[in-house]
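In what follows, a structure is listed as structure tokens, so that the remarks can point back to it.
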Amino acid sequence: MPKITFVHRDGSETVVDAKNGLSVMETAVDNDVEIEAACEGSLACATCHLVVEDQDWFDRLDPPSEDEEDMLDLAFGLTKTSRLSCQIRVSDALDGIRFRVPDET
Ligand code: FES
């Protein structure tokens, strides 16, 4: 089980033993990370926006689809390592990654 760290807006952290095959969004919601995920993963909102803390980790992820990029443009608090967490699948390759809740939602 890969370990994923979520950094909350107040700076506190939740380290999760994530289940392979779930999305990062589902993992976050299951662990009370403060994202809304209003469309439940159908790429129709931007409320599952999380920021990958480290550029190297961001570069290692499969790149976002065009649809994800279009939707990300609507996200508040966009950064250059922002992703929609419903579009990232948990796998062992994510062991050690850290996601931060954006300052604005
Ligand atoms: Fe709506 Fe990810 S949950 S785009």
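When a ligand or atom number is given, it counts from 1 through the structure's own listing order.
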Output yes if Cys86 passes the N/O/S-under-2.8 Å test against atom 2 (Fe) of ligand 1; output no otherwise.
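For Cys86, the answer is yes, given that an N, O or S atom comes within less than 2.8 Å of atom 2 (Fe) of ligand 1.
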State whether Cys45 contributes an N/O/S atom found under 2.8 Å from atom 2 (Fe) of ligand 1.
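Short answer: no, not a single N, O or S atom is under the cut-off.
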Are Phe6 and Val15 close enough, and set up right, to give a side-chain contact (heavy atoms from CB on, under 4.5 Å), and what steps lead you there?
CA-CA 6 Å; Phe6 295 100; Val15 183; over 6 Å; no
Would you mind running through ligand 1 and noting each atom that sits below 4.0 Å from a heavy atom of [X]?
X     : value
Leu43 : 4 (S)
Cys48 : 2 (Fe), 3 (S), 4 (S)
Cys39 : 1 (Fe), 3 (S), 4 (S)

Do Met71 and Leu50 share a hydrophobic cluster, counting only Ile, Leu, Val, Met, Phe, Trp and Tyr and linking them when any side-chain heavy atoms are less than 4.5 Å apart?
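Different hydrophobic clusters.
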Which residue supplies the protein heavy atom nearest to atom 3 (S) of ligand 1, what is that atom called, and how far is it?
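That would be Gly41 N, 3.3 Å.
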Would you check if the side chain of Thr81 reaches a backbone N or O of Glu53 as a donor-acceptor pair within less than 3.5 Å?
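No: the side chain of Thr81 does not pair with the backbone of Glu53.
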Side chains of Asp67 and Ser65: any donor to acceptor distance under 3.5 Å?
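The criterion, which ignores hydrogens and geometry beyond distance, is not satisfied for Asp67 and Ser65.
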Compute whether any side-chain donor of one residue and acceptor of the other, for Ser23 and Glu26, lie under 3.5 angstrom apart.
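Yes - a donor-acceptor pair under 3.5 Å links their side chains.
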